[in-house]
Amino acid sequence: MTSFRARLRDLQVLPDGLSGWELTDLSVLPGTPHELFETWFDEAAAAGPHAPHAMTLSTVGADGTVAARTVLLTDLSSAGWWFAGHATSPKGRDLAANPHAALTFLWQGVGRQVRVTGAVTSHPEAGAADFRSRSAGSRATALVDHQSEVLDDLADHREAWSAALAEVRADPELVVPTWTAWCLAPTTVEFWRSGGGTGQTRVRYRRGGQEEAWTTELLWP
């Protein structure tokens with residue numbers, strides 16, 4: 001039987017025919033990483049079908065434990081990258097204890113990755129607006145809550161979810177009090193791109209504070 005290691009080596013990582021990123025002049029880059037991210041995001045979305053707004057959120061808890069999970073990007077503004085959830089969830093507790101995080105986007109179809117790191121702030125009012133904009137099924141899931149708690153019987157969740165679905169359908173303005181929106185204000189944003197026969201290219205946007213200008217630099221892959 002083929003070893004697991006050998007099976008992994010046989011897997012294709014990126015599609016064939018990707019164009020590389022021959023970046024010889026950093027001055028041609030947009031002034032902010034937000035602009036380049038939006039361009040890359042649109043190109044990744046056009047290459048579909050997948051969820052280009054899916055990202056890995058990495059946090060550190062009060063005890064130093066690192067946790068990662070996949071969440072959805074809900075907005076991009078000059079302030080930063082936005083996502084939402086329960087303030088009482090594991091990620092919410094981590095961010096309350098240590099308001100710094102990292103986001104990772106992997107767009108395999110176009111051979112690109114973006115990494116965003118920075119400080120995170122909570123915005124309950126924006127969270128309420130986000131909650132009301134969600135589908136009834138998504139709101140029902142949030143209303144049930146108990147995220148990451150032990151579940152004795154799957155039927156218990158199904159019953160609770162059905163009841164919550166009826167509740168949010170009856171009251172479209174209902175908002176879960178613990179729902180919040182978080183904004184990650186970046187201090188570094190790294191763009192990675194690979195193409196067939198051209199090798200990898202990494203560019204980092206970096207700044208020391210929110211009022212400082214962005215510095216761009218090439219990194220060794």
Side-chain angles (χ1 to χ4, degrees), residues 32-35 37-38 40-42 44-46 48-62 67-105 107 114 116-186 210:
T32 70
H34 307 61
E35 298 169 84
F37 178 88
E38 189 167 358
W40 276 29
F41 180 90
D42 289 341
H50 54 285
H53 57 326
M55 58 189 185
T56 300
L57 166 66
S58 301
T59 58
V60 179
R69 75 287 287 163
T70 301
V71 300
L72 297 180
L73 179 70
T74 60
D75 198 6
L76 173 68
S77 69
S78 59
W81 277 249
W82 293 77
F83 54 98
H86 282 288
T88 53
S89 67
K91 61 180 172 288
R93 295 194 297 270
D94 281 359
L95 291 170
N98 186 348
H100 296 84
L103 307 174
T104 305
F105 297 84
W107 298 319
V114 180
V116 189
T117 60
V120 179
T121 51
S122 178
H123 303 266
E125 290 185 5
D130 170 85
F131 190 86
R132 285 191 291 266
S133 71
R134 290 173 175 255
S135 69
S138 175
R139 285 180 285 140
T141 299
L143 183 59
V144 171
D145 197 7
H146 299 296
Q147 189 179 59
S148 299
E149 296 177 14
V150 174
L151 176 64
D152 294 327
D153 190 328
L154 189 59
D156 293 341
H157 172 265
R158 299 297 187 258
E159 182 180 351
W161 186 84
S162 294
L165 182 61
E167 189 174 350
V168 297
R169 283 175 172 169
D171 183 5
E173 293 303 308
L174 183 152
V175 174
V176 176
T178 57
W179 198 258
T180 191
W182 289 282
C183 180
L184 189 155
Q210 293 302 305

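What you see is a predicted model, and the numbers here were worked out from it, not measured in a lab. For reference, positions follow the sequence shown, starting with 1.
- Nearest heavy atom pair, residue P52 against residue A44, reads CB-CB, 4.3 Å.
- Of the inter-residue distances, the one linking W82 atom CH2 with H123 atom NE2 reads 4.0 Å to the nearest 0.5 angstrom.
- The side-chain heavy atoms of R132 and V175, taken from C-beta on, include a pair separated by under 4.5 Å.
- Annotation: side chain of T117 is not in contact with side chain of H100 (no heavy-atom distance under 4.5 Å).
- Rounding to the nearest 0.5 Å gives a distance of 5.0 Å between CG of L143 and CD of E167.
- Counting only distance, with no hydrogens or angles, the side chain of S89 and the backbone of H86 share a donor-acceptor pair below 3.5 Å.
- Summarising the geometry of A67 relative to D94, their closest heavy-atom pair is CB-OD2, 4.0 Å, with the distance given to 0.1 Å.
- In terms of modelled atom types and a separation under 3.5 Å, the side chain of H157 and the main chain of V144 share no donor-acceptor contact.
- Applying side chain to side chain contact (heavy atoms under 4.5 Å, CB included) to F83 and the options T180, D130, V120 leaves one that passes, V120.
- Taking CG from L95 and OG1 from T121, the interatomic distance works out to 10.0 Å, rounded to the nearest 0.5 Å.
- Heavy-atom contacts from other residues, nucleotides or ligands closer than 6.0 Å to CD of E35 number more than 12.
- When all heavy atoms of A54 and L72 are compared, the closest pair comes out as CA-CD2, 3.8 Å.
- Shown here for A140 and W161, the closest heavy-atom pair between the two residues is CB-NE1, 3.6 Å.
- Separating the CZ atom in R158 from the CG atom in L165 is a distance of 12.5 Å, to the nearest 0.5 Å.
- Contact check for R139 versus L174: no side-chain heavy atoms found under the 4.5 Å cut-off.
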| task | Would you please test F37 and W81 for side-chain contact (heavy atoms from CB on, under 4.5 Å) and show each step? | result | CA-CA 10 Å; F37 178 88; W81 277 249; 3.5 Å; yes

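- Counting non-hydrogen atoms of neighbouring residues, nucleotides and ligands closer than 6.0 angstrom, the CZ atom of R169 reaches no more than 12 such neighbours.
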| request: Please test F105 against L73 for side-chain contact (heavy atoms from CB on, under 4.5 Å), starting from the C-alpha separation and ending with a verdict. | output: CA-CA 10 Å; F105 297 84; L73 179 70; 4.2 Å; yes

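- Note: T74 OG1 to W182 CH2 = 10.5 Å, rounded to the nearest 0.5 Å.
- With rounding to the nearest 0.5 angstrom, the CG atom of D153 is 10.0 Å from the CD atom of E159.
- Closest approach of L57 to K91, counting heavy atoms only: CD2-CD, 3.8 Å.
- Pairing each heavy atom of L184 with each of A101, the nearest pair is CD1-O, 3.5 Å.
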